[in-house]
Amino acid sequence: MIFLKSLWEIEKMRRSNAIVAEVLARLRETIKPGITTLELDRLAENLCRKKGAKPAFKGYRGYPFSLCVSINEEVVHGFPSKKRVLKEGDIVSLDFGVLYDGYYGDAAITVPVGEISERAKRLLRVTEEALYKGIEQAVVGKRLGDISSAIQRYVEAHGYSVVRQFVGHGIGRALHEDPQVPNFGKPGRGIKLKEGMVLAIEPMVNEGTYEVEILADGWTAVTKDRKLSAHFEHTVAITQNGPEILSRV
Ligand code: MF3
Ligand code: CO
């Protein structure tokens with residue numbers, strides 16, 4: 001069941017997503033070689049609580065942390081750890097969500113640690129651009145498949161693959177609502193997009209195969225071929241005036 005949001009609900013979601021965006025911006029500034037991923041988790045949770053919000057992921061289906069930190073070949077849902085020290089050349093995906101005043105916010109960015117290779121830079125750029133290609137299609141009267149196919153087409157045109165095993169989602173009073181928002185599909189297919197839908201659009205893009213494996217911790221998804229992966233996510237409201245990115249910094 002898809003819940004359409006009223007203007008006042010979208011206003012609440014602007015606030016929860018603004019907190020997510022601020023936290024991600026702070027994490028991006030803080031990232032440097034030598035920092036541990038558990039320090040990032042602590043910082044995210046502290047900033048979030050200071051703003052009166054609750055970290056959305058902690059305890060969600062048993063997820064034990066506030067932040068997902070996925071390095072290099074890790075795709076999503078990486079565990080923060082005091083043993084994981086970031087080093088120059090890594091790419092790190094930071095996925096964060098909050099619950100504030102009854103509504104969720106959810107976004108992700110992938111950031112460079114120090115100087116990174118041209119190869120990694122290109123992956124980050126194409127993945128973020130693919131997210132914007134999808135967002136452009138989040139327009140009243142278009143269909144869900146228009147979002148999915150725009151992302152897939154852009155990614156594959158650059159020689160990369162889109163992960164199939166994880167998808168974007170509706171978001172609102174729950175972190176995950178209908179509909180599912182795959183990053184692959186056919187234009188003109190799927191449900192019609194309506195005013196008041198709020199979607200978390202989140203392409204996960206791999207350099208090599210789209211196939212992923214889950215590590216023994218039961219959460220961390222890695223690329224099967226251990227090549228690099230990147231992830232960008234925004235929470236987007238479909239409005240009469242076009243797509244509104246609620247999680248923009
Ligand atoms: N942005 C991710 C998602 O929407 C993060 C979920 S992590 C979890 O699925 F721990 F909450 F599952
Ligand atoms: Co999400």
Side-chain angles (χ1 to χ4, degrees), residues 2-3 5 13 16-25 27-28 37-38 40-42 44-45 48 53-71 74-81 92-100 103-111 127-128 130-132 134-135 138 144 147-148 151 162-184 197-206 212 214-222 229-238 243 245-249:
I2 296 175
F3 300 107
K5 277 79 184 178
M13 295 191 74
S16 42
N17 280 285
I19 297 170
V20 173
E22 279 175 55
V23 169
L24 288 176
L27 294 174
R28 177 202 286 280
T37 59
L38 190 65
L40 297 174
D41 179 79
R42 293 281 155 78
E45 178 161 346
C48 167
K54 210 179 129 231
F57 302 164
K58 201 169 213 171
Y60 182 86
R61 295 178 176 233
Y63 187 78
F65 298 96
S66 295
L67 184 69
C68 299
V69 188
S70 310
I71 306 171
E74 296 171 356
V75 180
V76 285
H77 304 161
F79 280 7
S81 161
V92 186
S93 121
L94 305 167
D95 190 348
F96 190 61
V98 307
L99 174 63
Y100 181 73
Y103 289 82
Y104 282 90
D106 186 9
I109 54 177
T110 304
V111 302
T127 307
E128 188 168 19
L131 169 59
Y132 284 94
I135 292 172
L144 197 60
I147 298 177
S148 305
I151 294 170
V162 291
V163 171
R164 311 296 205 254
Q165 197 172 323
F166 301 101
V167 296
H169 49 94
I171 177 168
R173 286 191 163 279
L175 176 61
H176 293 143
E177 295 184 356
D178 288 341
Q180 291 197 352
V181 184
N183 298 298
F184 56 95
M197 285 183 181
V198 181
L199 304 176
I201 304 175
E202 49 178 320
M204 288 142 271
V205 173
N206 295 353
V212 304
I214 309 297
L215 297 184
D217 62 22
W219 278 95
T220 310
V222 299
S229 183
H231 179 209
F232 284 84
E233 174 178 21
H234 270 310
T235 295
V236 179
I238 299 178
I245 300 174
L246 303 179
S247 50
R248 182 110 69 184
V249 188

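Ligands are counted one by one from 1 in listed order, and the atoms in each one are counted from 1 as well. Worth knowing before you read on, the calculation uses all heavy atoms, side chains too, and leaves out hydrogens, waters and symmetry mates.
When the shell of 6.0 Å around CD of Q180 is examined, it contains 12 or fewer heavy atoms from other residues, nucleotides or ligands. At most 12 non-hydrogen atoms from other residues, nucleotides or ligands lie less than 6.0 angstrom from OH of Y100. For R28, the CZ atom counts as loosely surrounded, since its 6.0 Å shell holds 12 or fewer non-hydrogen atoms of other residues, nucleotides or ligands.
Around the Co ion (ligand 2), the protein atoms of type N, O or S found under 2.8 Å away are D106 OD2, H169 NE2, E202 OE2, E233 OE2, listed by chain and number.
Remark: side-chain polar atoms of E177 are paired, donor with acceptor, to backbone N or O of A174 under 3.5 angstrom.
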Go ahead and list the nitrogen or oxygen contacts between ligand 1 and the protein that come in under 3.5 Å, distances to 0.1 Å, or just say none.
unit_1	atom_1	unit_2	atom_2	d
ligand 1	1 (N)	D95	OD1	3.1
ligand 1	1 (N)	D95	OD2	2.7
ligand 1	1 (N)	D106	OD1	3.1
ligand 1	1 (N)	D106	OD2	3.2
ligand 1	1 (N)	E233	OE1	3.1
ligand 1	4 (O)	D106	OD2	3.1
ligand 1	4 (O)	H169	NE2	2.8
ligand 1	4 (O)	H176	NE2	2.8
ligand 1	4 (O)	E202	OE2	3.3
ligand 1	9 (O)	H176	NE2	2.9

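Take E74 and apply the side chain to side chain donor-acceptor pair (under 3.5 Å) test, not counting sequence neighbours, and it matches R84. For N206, the side chain to side chain donor-acceptor pair (under 3.5 Å) partners two or more places apart in sequence, or in a different chain, are S229.
For the residue pair Y104/H176, the side-chain donor-acceptor check at 3.5 Å is not satisfied. Neither side chain, H77 nor T220, offers a donor N or O lying under 3.5 Å from an acceptor on the other.
The residues E45 and K54 are annotated as not salt-bridged, no charged nitrogen and carboxylate oxygen being separated by less than 4.0 angstrom.
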